[in-house]
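Everything quoted here is computed from the prediction, not taken from an experiment. A note on names: the letters A, B, ... follow the listed sequences, proteins ahead of strands, and every chain is numbered from 1. Computation of the quantities below employed the complete heavy-atom set of this structure, encompassing side-chain atoms and omitting hydrogens, waters and symmetry-equivalent molecules.
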Amino acid sequence: MIEREIADFDLEQIARSGQCFRFRELGEKRYSVVAGGKYIEVCQEGRLVRFDCSEETFESVWRGYFDLDADYGRYKRAVAKRDQYLQRAVAAGCGLRILRQELWETIVCFIISQQNNIGRITKCVENLCSLFGEICYNRSGQVYNAFPTVERLAACTLEEFAPIRLGYRARYILSAARQVVSGEVDLEAVRHMDYAHARTELMRLSGVGRKVAECICLFALHHIDAFPIDTHIRQVLDAHYPKGFPLKRYRGFAGVMQQYAFYYELVTN
DNA sequence: TACCAGGTAGTGA
DNA sequence: TCACTACATGGT
């Protein structure tokens with residue numbers, strides 16, 4: 001068990017922020033997470049966060065995943081004092097972090113996210129993992145499913161996807177998986193591209209448009225200047241930033257501000 | 001019943 | 001480039 005005092009960290013906010021669909025609530029401020037094939041249980045009391053894993057695994061996997069080396073206080077201090085909307089949003093989501101998720105998982109999850117709600121996205125991802133993910137065991141010997149590999153999904157048929165209830169998104173996922181396996185889109189190369197090139201390359205994937213590509217850049221590649229505009233953020237921009245969001249002010253980390261706004265809309269609507 | 005949910009792709013002008 | 005529309009599914 002690893003214990004750390006962490007500032008600007010709220011497990012519940014992170015779990016509910018809609019950037020990852022593999023958090024499960026186990027109890028009050030206690031969650032399990034499956035990411036990159038690894039399972040962990042995390043709980044929080046005040047600033048004290050407990051990670052149920054070895055020191056080595058914490059350092060090699062979870063410190064990076066939860067972005068613990070970043071100073072979110074710096075991002076929050078950058079918010080303009082007169083920007084009352086963003087001040088409220090930051091106050092509401094003061095413990096948010098931009099996770100560093102596995103690329104293929106994030107691509108599939110955000111293809112599923114289109115025209116969908118978080119509850120149903122979570123169910124679809126759960127179904128997908130149950131059906132096609134490798135069976136693994138956690139430290140207690142309990143079974144969990146890893147996220148299906150790109151090879152496994154590329155080998156599926158549309159009929160096999162039917163029980164997952166993906167709707168029209170099934171075709172996108174199947175095509176995208178085959179584009180990656182065939183080498184048409186090189187995800188290893190995408191990992192090393194800058195934000196603009198990564199976004200362009202990701203948009204070559206079936207079912208990945210501008211918004212989904214921005215989400216993948218933000219939540220998997222940690223290009224935190226990515227700024228996905230979905231229906232909620234569109235409404236925020238229309239209501240509070242009619243002249244456009246001040247991207248220049250937040251150059252280099254506008255995506256963090258996007259996440260505060262997105263979470264704020266989530267918990268207040 | 002109608003509308004909505006972290007949109008995308010195809011079509012025609 | 002822009003406007004418009006079909007695309008699955010489930011919840012409210």
Side-chain angles (χ1 to χ4, degrees), chain A residues 13-23 85-86 89 92-93 96-128 130-131 153 156-180 184-185 198-241 245 254-269:
Chain A
Q13 289 176 5
I14 295 166
R16 293 180 176 179
S17 66
Q19 54 180 309
C20 174
F21 305 97
R22 299 216 69 193
F23 277 74
Y85 174 79
L86 206 47
L96 287 171
R97 297 259 156 179
I98 305 294
L99 301 174
R100 293 172 187 262
Q101 301 181 70
E102 201 282 324
L103 180 55
W104 173 241
E105 296 183 21
T106 311
I107 290 169
V108 175
C109 288
F110 280 89
I111 287 176
I112 293 173
S113 78
Q114 60 187 266
Q115 287 293 98
N116 216 336
N117 59 65
I118 290 178
R120 218 170 77 79
I121 298 165
T122 305
K123 278 182 190 164
C124 288
V125 172
E126 216 166 69
N127 291 340
L128 192 67
S130 301
L131 265 180
L153 293 186
C156 286
T157 61
L158 272 180
E159 288 71 30
E160 287 178 280
F161 277 143
I164 305 171
R165 316 299 288 166
L166 290 166
Y168 63 87
R169 307 167 195 85
R171 290 179 188 278
Y172 291 156
I173 292 171
L174 189 56
S175 300
R178 291 176 178 172
Q179 282 177 286
V180 173
E184 183 186 335
V185 175
R199 184 180 62 195
T200 302
E201 192 63 12
L202 286 166
M203 285 175 67
R204 294 179 56 220
L205 288 168
S206 169
V208 177
R210 171 85 181 218
K211 186 267 170 181
V212 168
E214 299 266 9
C215 285
I216 298 164
C217 284
L218 183 57
F219 301 131
L221 301 173
H222 210 71
H223 293 305
I224 60 171
D225 39 350
F227 193 87
I229 298 177
D230 58 37
T231 51
H232 300 297
I233 296 299
R234 183 77 267 161
Q235 287 173 12
V236 169
L237 297 181
D238 291 345
H240 302 283
Y241 303 94
F245 190 79
V256 181
M257 299 301 150
Q258 190 274 3
Q259 192 59 17
Y260 288 129
F262 180 80
Y263 178 78
Y264 187 52
E265 293 303 304
L266 213 57
V267 296
T268 55
N269 291 315

message = Centroid distance below 5.5 Å plus an interplanar angle below 30 degrees: do Phe262(A) and dG6(B) meet both conditions?
response = yes

inquiry  = Less than 4.0 angstrom between a side-chain N/O of Thr231(A) and OP1 or OP2 of dG7(B), yes or no?
reply    = yes

query = Is Arg169(A) near enough to dT9(C) that one of its side-chain N or O atoms lies under 4.0 angstrom from OP1 or OP2?
reply = no

Taking only the [atom1] atom of each, what is the distance from [N] to [M] in whole angstrom?
N	M	atom1	answer
dC2(C)	dG6(B)	C1'	24 Å
dT11(B)	dA8(C)	P	15 Å
dA5(B)	dA3(C)	C1'	22 Å

What's [X] touching, base or sugar-phosphate or nothing? Going by heavy atoms closer than 4.0 Å.
X	result
Arg120(A)	base
Gly18(A)	base
Ser175(A)	nothing
Ile164(A)	nothing
Ile118(A)	sugar-phosphate

Can you check the [X] [atom1] to [N] [atom2] distance for me, whole Å?
X	N	atom1	atom2	result
Leu166(A)	dA5(B)	CG	P	20 Å
Leu266(A)	dA5(B)	CG	C1'	11 Å
Gln114(A)	dG10(B)	CD	P	12 Å
Asn269(A)	dG6(B)	CG	C1'	14 Å
Ile229(A)	dT8(B)	CD1	P	12 Å
Arg199(A)	dT8(B)	CZ	P	12 Å
Tyr264(A)	dG6(B)	OH	C1'	19 Å
Asp230(A)	dA5(B)	CG	P	10 Å

Nearest to the side chain of [X], which nucleotide is it out of [options]?
X	options	value
Phe219(A)	dA9(B), dG10(C), dG6(B)	dG6(B)
Arg171(A)	dG10(C), dG6(B), dA8(C)	dA8(C)
Gln115(A)	dG6(B), dT9(C), dA5(B)	dA5(B)
Tyr168(A)	dC7(C), dG6(B), dG10(C)	dC7(C)

ask   = Where does DNA chain B form stems of at least three consecutive Watson-Crick or G-U wobble pairs, each pair having both distances below 3.5 Å?
value = B:2-5 with C:9-12, B:7-13 with C:1-7

ask   = Start at the 5' end of DNA chain B and walk down; is the nucleotide closest to Leu205(A) or to Gln259(A) reached first?
value = Gln259(A)

query = Distance-only, no hydrogens or angles: does the Arg169(A) side chain make a donor-acceptor pair with backbone N or O of Gln114(A) under 3.5 Å?
reply = yes

Show me the donor-acceptor pairs, under 3.5 Å and distance only, between side chains in residues 261-269 of chain A and residues at least two apart or in other chains.
residue	atom	partner	partner atom	Å
Tyr264(A)	OH	Arg88(A)	NE	3.1
Glu265(A)	OE1	Asn269(A)	ND2	2.9
Glu265(A)	OE2	Tyr85(A)	OH	2.6
Thr268(A)	OG1	Tyr264(A)	O	2.5
Asn269(A)	ND2	Glu265(A)	O	3.1

ask   = What are the residues of residues 208-215 of chain A, sorted by number, that bring a heavy atom to within less than 4.0 Å of DNA chain B?
value = Val208(A), Gly209(A), Arg210(A), Lys211(A), Val212(A)

query = Under a 4.0 Å N-O cut-off, is there an ion pair linking Glu201(A) with Arg204(A)?
reply = yes

